[in-house]
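Remarks on the structure that follows.
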Amino acid sequence: QVELVESGGGLVQAGGSLSLSCTASRTIFRFNTMGWYRQAPGKQRELVATVTIGFTTYYVDAVKGRFTISRDNAKNTLYLQMSSLKPEDTAVYYCNSVPSRPSWGQGTQVTVSS
């Protein structure tokens with residue numbers, strides 16, 4: 001059973017924008033804080049943004065002011081709007097609950113060229 005499916009990544013020039021989506025199973029989504037994580041080549045996976053059931057958001061300093069996380073509880077869907085992208089944002093982006101469950105989706109590749 002596929003529980004997390006990310007989409008929307010791609011190749012973009014520095015300064016550009018991308019929108020990511022994640023469809024989650026109701027079991028994961030319904031009662032949990034959800035987050036976007038990313039893993040750059042050679043680095044550990046890191047949490048970059050979270051949103052609670054009540055829509056309170058949190059961002060790491062590296063993306064604050066550039067990324068916007070949101071959720072649609074009726075659709076069990078998580079979003080990440082990314083703007084002013086930088087080459088250092090290049091990574092595979094994943095969604096999961098916070099704290100994360102052991103099982104991850106395939107992620108979506110975001111590549112920002114300089």
Side-chain angles (χ1 to χ4, degrees):
Q1 180 182 357
V2 178
E3 296 187 305
L4 295 163
V5 180
E6 301 91 349
S7 63
L11 173 63
V12 64
Q13 289 189 331
S17 299
L18 280 174
S19 293
L20 307 184
S21 298
C22 166
T23 301
S25 68
R26 191 167 180 263
T27 302
I28 294 176
F29 202 88
R30 187 176 182 186
F31 298 114
N32 289 304
T33 294
M34 295 296 295
W36 282 99
Y37 302 74
R38 68 184 180 186
Q39 187 167 20
K43 295 188 177 181
Q44 288 192 339
R45 188 173 292 162
E46 62 173 346
L47 179 64
V48 297
T50 69
V51 58
T52 68
I53 285 289
F55 308 108
T56 299
T57 58
Y58 162 80
Y59 302 92
V60 296
D61 286 346
V63 307
K64 198 173 295 184
R66 300 188 298 119
F67 289 11
T68 301
I69 189 172
S70 61
R71 65 190 293 161
D72 185 330
N73 291 335
K75 296 181 178 180
N76 298 331
T77 302
L78 186 71
Y79 303 98
L80 187 68
Q81 176 66 41
M82 306 184 293
S83 61
S84 302
L85 283 161
K86 304 176 181 180
E88 50 264 45
D89 294 318
T90 295
V92 179
Y93 284 71
Y94 303 87
C95 65
N96 207 322
S97 57
V98 181
S100 63
R101 293 190 168 214
S103 179
W104 294 81
Q106 82 289 347
T108 187
Q109 176 71 49
V110 172
T111 303
V112 184
S113 63
S114 57

Next item on the list: List in chain and number order the residues that pass side-chain contact (heavy atoms from CB on, under 4.5 Å) with Phe31, two or more places apart in sequence or in another chain; answer none if no residue qualifies.
Entry: none
Residues 87-100, side-chain donor-acceptor partners within the protein, below 3.5 Å, at least two apart:
from  : atom 1 : to     : atom 2 : distance (Å)
Asp89 : OD1    : Arg38  : NH1    : 2.9
Asp89 : OD1    : Arg66  : NH2    : 3.0
Asp89 : OD2    : Arg66  : NH1    : 2.7
Asp89 : OD2    : Arg66  : NH2    : 3.4
Asp89 : OD2    : Lys86  : N      : 2.8
Thr90 : OG1    : Pro87  : O      : 2.9
Thr90 : OG1    : Val112 : N      : 2.9
Thr90 : OG1    : Val112 : O      : 3.4
Tyr93 : OH     : Arg38  : NH1    : 3.0
Tyr93 : OH     : Asp89  : O      : 2.7
Asn96 : OD1    : Arg101 : N      : 3.1
Asn96 : ND2    : Arg101 : O      : 3.2
Asn96 : ND2    : Ser103 : O      : 3.4
Ser97 : OG     : Pro99  : O      : 2.9

Check: Take atom NZ in Lys64; do more than 12 heavy atoms of anything else shown fall under 6.0 Å from it?
Finding: yes
Checklist line | side chain to side chain donor-acceptor pair (under 3.5 Å) involving Thr111 - partner list, sequence neighbours excluded | finding: Gln109
Checklist line | Test item: Gln106 side-chain N/O and Glu6 main-chain N/O as donor-acceptor pair under 3.5 Å | finding: yes
Notebook entry, point to check: Between CG of Leu4 and CG of Leu78, what distance do you get to the nearest 0.5 Å?
Noted result: 9.5 Å
Margin query: Suppose we screen for ring-ring contact (aromatic ring centres under 6.0 Å, His included). Which residues come up paired with Tyr37, at least two apart in sequence or across chains?
Written below: Trp104
Notebook entry, point to check: Who are the side-chain contact (heavy atoms from CB on, under 4.5 Å) partners of Ser70, not counting sequence neighbours?
Noted result: Tyr79
Donor-acceptor pairs under 3.5 angstrom involving side-chain atoms of residues 9-23: please list them, not counting sequence neighbours.
from  : atom 1 : to    : atom 2 : distance (Å)
Ser19 : OG     : Gln81 : OE1    : 2.3

Check: What distance separates Asn73 CG from Ile53 CD1, expressed to the nearest 0.5 Å?
Finding: 5.0 Å
Note to self: With rounding to the nearest 0.5 angstrom, report the CZ to OG1 distance, Phe29 to Thr77.
What the structure shows: 6.5 Å
Checklist line | Closest approach of Ala49 to Leu80 (non-hydrogen atoms, all atoms of both residues) | finding: CB-CD1, 4.4 Å
Checklist line | hydrophobic_cluster_shared for Val63 and Leu47, side chain cutoff 4.5 Å | finding: no
Notebook entry, point to check: Could you state the interatomic distance from CE (Met34) to CG (Asn76), rounded to the nearest 0.5 Å?
Noted result: 9.0 Å
